[in-house]
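Residue numbers start from 1 in every chain, and the chains themselves are labelled A, B, ... in the order their sequence lines are given, proteins ahead of strands.
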Amino acid sequence: AQSVTQPDIHITVSEGASLELRCNYSYGATPYLFWYVQSPGQGLQLLLKYFSGDTLVQGIKGFEAEFKRSQSSFNLRKPSVHWSDAAEYFCAVGARTGANNLFFGTGTRLTVIP
Amino acid sequence: EAGVVQSPRYKIIEKKQPVAFWCNPISGHNTLYWYRQNLGQGPELLIRYENEEAVDDSQLPKDRFSAERLKGVDSTLKIQPAELGDSAVYLCASSATIAGELFFGEGSRLTVL
């Protein structure tokens with residue numbers, strides 16, 4: 001069965017510091033992989049996605065993520081965090097069969113301190 | 001271009017009362033999803049529509065939940081009767097194709113007292 005693990009419930013970083021949010025997945029095959037961001041009271045916005053090809057993918061707002069098949073991981077990174085990045089971040093996996101049902105992790109809440 | 005529109009944004013009801021949520025997807029998006037997001041959790045799929053057809057409703061508690069998308073455009077999710085455990089945010093999303101990017105609405109936050 002598929003599952004997504006985000007081991008960090010809450011992370012606090014200083015503005016300007018680097019960020020890495022962890023995501024591990026369990027899936028029968030290589031899935032599609034996604035990172036979404038959710039600001040308070042808002043819906044989810046897609047940051048980036050991995051389907052195939054280059055394992056380092058670039059997203060919006062300066063985020064990137066690296067797919068590591070051997071580790072079943074898809075960690076999200078940003079070299080310098082801005083105060084506006086404070087939000088909840090969700091990793092998700094989807095099937096390659098064409099049915100776009102996403103399975104989400106439990107999320108990591110990011111706090112940015114000045 | 002307008003995004004996915006949901007209403008109401010907030011709803012407070014007493015248990016055993018009915019409640020309904022409405023979703024208007026992005027124009028031209030054939031696939032529509034309803035997700036439930038419990039506090040501190042990620043969203044979980046309730047039902048997925050391809051046009052008017054519900055193609056995946058395996059996670060929908062059918063004893064009290066129902067959904068419809070009669071004309072293949074907007075959709076309604078109903079709970080009757082509501083229970084305390086139904087308190088959550090109900091998210092609607094749409095995509096242009098079954099493999100396309102999901103666009104989410106802002107959600108409808110339900111509180112059952």
Side-chain angles (χ1 to χ4, degrees), chain A residues 1-11 21-26 29-52 57 59-60 74 76 87-110, chain B residues 2-11 21 23-26 29-51 53-60 88-111:
Chain A
Q2 57 274 342
S3 67
V4 179
T5 301
Q6 294 181 248
D8 303 304
I9 296 174
H10 185 202
I11 285 182
L21 302 182
R22 295 182 291 166
C23 173
N24 292 95
Y25 67 89
S26 175
T30 302
Y32 292 151
L33 296 159
F34 306 81
W35 275 99
Y36 282 83
V37 60
Q38 186 178 34
S39 298
Q42 302 296 312
L44 283 78
Q45 181 184 21
L46 180 66
L47 284 176
L48 48 78
K49 59 189 176 187
Y50 172 76
F51 283 2
S52 64
V57 294
I60 62 172
F74 189 56
L76 182 71
E88 188 94 18
Y89 290 81
F90 293 94
C91 181
V93 300
R96 289 178 173 266
T97 58
N100 199 5
N101 297 351
L102 298 185
F103 294 90
F104 287 85
T106 53
T108 297
R109 183 161 61 93
L110 174 65
Chain B
V4 176
V5 179
Q6 292 187 246
S7 68
R9 289 293 311 277
Y10 304 93
K11 189 74 175 179
F21 305 111
C23 171
N24 186 253
I26 293 173
H29 281 196
N30 297 325
T31 308
L32 184 146
Y33 310 75
W34 283 102
Y35 281 84
R36 177 169 61 189
Q37 185 176 19
N38 292 313
L39 186 64
Q41 301 294 316
E44 296 176 319
L45 180 69
L46 291 174
I47 189 168
R48 173 170 64 93
Y49 281 93
E50 296 296 334
N51 299 303
E53 183 180 1
V55 295
D56 185 351
D57 62 355
S58 57
Q59 301 303 312
L60 189 72
V89 176
Y90 292 85
L91 293 165
C92 180
S94 69
S95 64
T97 67
I98 59 172
E101 176 183 343
L102 268 65
F103 293 85
F104 284 84
E106 294 181 326
S108 295
R109 181 179 296 275
L110 173 66
T111 301

- Could you pull out the closest heavy-atom pair between A:Phe90 and B:Gln37, with the gap in Å? CZ-NE2, 3.2 Å
- Heavy atoms of other groups near B:Leu39 CG, more than 12 under 6.0 Å: no
- Query: Between the main-chain N or O of A:Leu102 and the side-chain N or O of B:Tyr35, is there a donor-acceptor pair closer than 3.5 Å?
  - Reply: yes
- Item | Separation between CD of B:Glu101 and OH of A:Tyr32, rounded to the nearest 0.5 Å | 14.0 Å
- Item | chain A contacts, top residue of B:Gly42, B:Gly105, B:Pro43, B:Ala93 (heavy-atom pairs, under 4.5 Å) | B:Pro43
- Query: What part of A:Gln38 is in contact with chain B, defined as an atom under 4.5 angstrom from a non-hydrogen atom: side chain, backbone, both or neither?
  - Reply: side chain
- Contact class of B:Arg109 relative to chain A, heavy atoms under 4.5 angstrom: neither
- Query: Taking atom CD of B:Glu44 as the centre, does the number of heavy atoms from other residues, nucleotides or ligands within less than 6.0 Å exceed 12?
  - Reply: no
- A:Phe34 side chain reached by B:Leu102 side chain, heavy atoms, under 4.5 Å: no
- So which part of A:Phe103 gets closer than 4.5 Å to some heavy atom of chain B, the side chain, the backbone, both or neither? neither
